[in-house]
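Just below is one structure, and these are the notes that go with it.
Only this structure's heavy atoms are used, side chains among them; waters, hydrogens and symmetry mates stay out.
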Number of protein chains: 2
Amino acid sequence: MDFISKTPLFRGCTEEDILNMAKHLDFRTDRYKKGDIILRAGSIVTDIGLVLSGSVRIEYTDLWGNKSILGITHAGGVFAESYACIPDEPMMVDAVANEDCNILSISVPRLFAPCPVCGSQNRLIQNLVMITAEKNLQLSRRSMHTSPKTIRERLFSYFSQQVSAQGSNKIVIPFDRQQLADYLNLDRSALSKELGKMRNDGLIEFNKNSFVIKTDIE
Amino acid sequence: MDFISKTPLFRGCTEEDILNMAKHLDFRTDRYKKGDIILRAGSIVTDIGLVLSGSVRIEYTDLWGNKSILGITHAGGVFAESYACIPDEPMMVDAVANEDCNILSISVPRLFAPCPVCGSQNRLIQNLVMITAEKNLQLSRRSMHTSPKTIRERLFSYFSQQVSAQGSNKIVIPFDRQQLADYLNLDRSALSKELGKMRNDGLIEFNKNSFVIKTDIE
DNA sequence: ATAAGTATGTGGTTATAACCACGGAAATGA
DNA sequence: TCATTTCCGTGGTTATAACCACATACTTAT
């Protein structure tokens with residue numbers, strides 16, 4: 001309960017607000033065991049899932065049975081919110097219990113239904129806008145960084161964004177090499193090679209996850 | 001005005017609602033001439049831009065000056081909403097007048113501020129959630145389709161999603177070849193070649209923008 | 001301290017996608 | 001209708017990234 005009020009979705013809500021909403025909006029919690037399918041591709045969802053404990057894996061399976069993992073939502077995070085917010089939009093992915101977990105379901109239609117009494121749910125909707133907007137920016141950034149054809153250009157794109165975001169030519173990235181490769185849609189060893197070349201070419205310096213990007217502006 | 005009530009952002013609002021909000025939320029319209037920079041990268045925005053006429057181009061410029069166009073927002077659409085919804089998030093992109101245009105600015109902080117009188121703005125916020133959620137799904141889909149390494153696999157990914165969405169093995173896609181290549185992050189001629197091979201291999205049939213995807217299930 | 005496991009860099013090979021160029025088809029517009 | 005332009009497929013070449021294998025450095029645990 002104390003945990004809930006600290007999640008991005010309920011940020012700014014008092015415990016009283018939450019209890020109030022729990023009644024009005026008919027919150028529901030469910031337990032799942034590792035491997036259980038929480039939401040199935042093709043189904044229509046109307047509920048946001050808030051992960052109370054454990055984690056949820058978002059999996060994509062194409063027509064030919066090829067699977068790939070699109071993301072993990074940990075405790076405190078929400079999943080399926082984009083599908084839940086759009087009426088009649090079938091899920092493209094499965095939500096699978098990555099480990100034993102506890103999920104709080106919140107009905108978007110109820111959330112959107114006007115409630116003259118409590119202004120609390122408006123706060124919730126606002127948080128929801130911010131959460132989806134933030135996910136949007138993350139997706140946009142990745143799109144930008146993976147659009148160049150060459151490894152070097154993708155790294156340039158990513159680095160320049162990080163330089164701007166961190167306000168310095170000296171940046172620390174939140175990825176190890178494999179994760180960076182996944183993020184930029186590259187092979188790890190090819191990535192390592194290109195980083196080495198860029199260092200030789202005097203474009204960057206790096207040590208582990210710390211990089212110095214040398215712009216020609218002195 | 002009649003136009004405004006038909007935009008996705010104001011869907012479901014009566015003219016009275018809109019006039020009401022125009023007062024409370026202090027709507028502002030601005031004219032821009034083709035080429036004008038409406039919003040500059042690095043700046044903090046708090047307003048959503050609703051395109052009343054003309055169109056707005058979203059441009060990304062990296063540290064080395066390389067530009068790329070990320071998208072166009074036409075009349076009725078909104079832009080910068082993700083940045084406006086997240087406090088202190090600097091724009092990564094420029095918003096440029098693609099042609100002479102008229103922009104309605106709506107302050108998100110005002111939109112989020114509680115107004116005891118009018119419930120109309122809640123409707124607006126709900127629409128905003130749906131708009132961002134929809135953009136989210138679009139971005140996710142593209143991410144899914146561009147993650148495979150080979151052209152054929154990207155096409156499989158895209159086709160299988162379309163088959164599912166259109167509910168038939170016979171699909172019509174909204175792209176010409178160049179656009180499909182851009183969408184899947186491919187070279188056009190390479191794309192054409194691979195489509196030809198897939199036809200030879202008996203996997204698909206196509207004619208212009210109509211495709212038949214042959215699953216092995218008869 | 002040592003061992004096991006993980007992360008990273010590097011060389012070499014190969015598949016493959018980008019690139020360039022062009023010819024024909026189809027759409028557009030006068 | 002004809003002219004013009006855009007769109008699409010194809011061949012050939014080349015650059016490049018994936019892939020494989022391995023050696024070294026770094027972590028972590030016991």
Checklist entry - Any idea how A:Phe10 and A:Phe27 line up, ring-wise: parallel (<30°), tilted (30 to 60°), or perpendicular (>60°)? => result perpendicular
Checklist entry - Starting at the 5' end of DNA chain D, which residue's closest nucleotide do you reach first, A:Arg152 or A:Ser189? => result A:Arg152
Checklist entry - Are the side chain of B:Asn102 and the backbone N or O of B:Leu52 linked by a donor-acceptor pair below 3.5 Å? => result no
Checklist entry - When you measure from the side chain of B:Asp187 to the backbone N and O of B:Ser189, does any donor-acceptor pair fall under 3.5 Å? => result yes
Next on the checklist: For A:Ile131, is there any backbone N or O sitting under 3.5 Å from a side-chain donor or acceptor partner on A:Glu134?
Outcome noted: no
Checklist entry - What are the residues of residues 190-199 of chain B, sorted by number, that bring a heavy atom to within less than 4.0 Å of DNA chain C? => result B:Ala190, B:Lys193
Item to check | Rounded distance [0.5 Å steps], CG in A:Leu137 versus CD in B:Glu89 | outcome: 5.5 Å
Item to check | Degree of bending, the helix from C:dA1-D:dT30 to C:dA30-D:dT1 (end axes from five pairs; round to 10°) | outcome: 60°
Just the atom pairs and distances: protein N or O near nucleotides 26-29 of chain C's N or O, under 3.5 Å.
| residue | atom | partner | partner atom | Å |
| --- | --- | --- | --- | --- |
| C:dA27 | OP1 | B:Lys208 | NZ | 2.6 |

Item to check | For B:Pro174 against B:Gln179, the heavy-atom pair lying closest together | outcome: O-OE1, 4.0 Å
Checklist entry - Between A:Asn136 and B:Ser82, which heavy-atom pair has the shortest distance, and what is it? => result CB-OG, 3.4 Å
Checklist entry - Could you give the start and end, 5' to 3', of the contact zone on DNA chain D for chain B, using atoms under 4.0 Å from its heavy atoms? => result D:dC7 to D:dA18
Return a table of donor-acceptor pairs under 3.5 angstrom between the side chains of residues 191-199 of chain A and protein atoms on other chains or two or more places apart.
| residue | atom | partner | partner atom | Å |
| --- | --- | --- | --- | --- |
| A:Glu194 | OE2 | A:Arg152 | NE | 2.8 |
| A:Glu194 | OE2 | A:Arg152 | NH2 | 3.2 |
| A:Arg199 | NH1 | A:Phe206 | O | 3.0 |

Checklist entry - Going by heavy atoms in the side chains, are A:Val78 and A:Leu50 under 4.5 Å from each other? => result yes
Checklist entry - Which is true for B:Asn207 with a 4.0 Å heavy-atom rule: it touches a base, it touches only sugar-phosphate, or it touches nothing? => result nothing
Next on the checklist: So which atom in A:Glu81 and which in A:Leu128 form the shortest heavy-atom distance, rounded to 0.1 Å?
Outcome noted: CB-CD1, 4.3 Å
Next on the checklist: Test salt bridge (charged side-chain N to carboxylate O under 4.0 Å, His left out) on A:Asp100 and A:Lys33; report intermediate values, then the result.
Outcome noted: CA-CA 4 Å; A:Asp100 288 5; A:Lys33 295 201 80 65; 3.7 Å; yes
Checklist outcome for this item: Ranking A:Lys149 and A:Phe206 by the position along DNA chain C of their nearest nucleotide, the one closer to 5' is A:Phe206
Could you go over nucleotides 5-7 of chain C and give all protein N or O partners under 3.5 Å, atom names and distances?
none

Item to check | Close side-chain approach of B:Ser107 to B:Arg28, heavy-atom, < 4.5 Å | outcome: no
Item to check | N/O donor-acceptor pair under 3.5 Å between B:Ser164 side chain and B:Ser160 backbone | outcome: no
Checklist entry - Looking only at atom types and distance, does a side-chain atom of B:Arg177 sit under 3.5 Å from a main-chain N or O of B:Asn209, one as donor and one as acceptor? => result no
Checklist entry - Picking from A:Leu184, A:Asn185, A:Leu155, what satisfies side chain to side chain contact (heavy atoms under 4.5 Å, CB included) with A:His145? => result A:Leu184
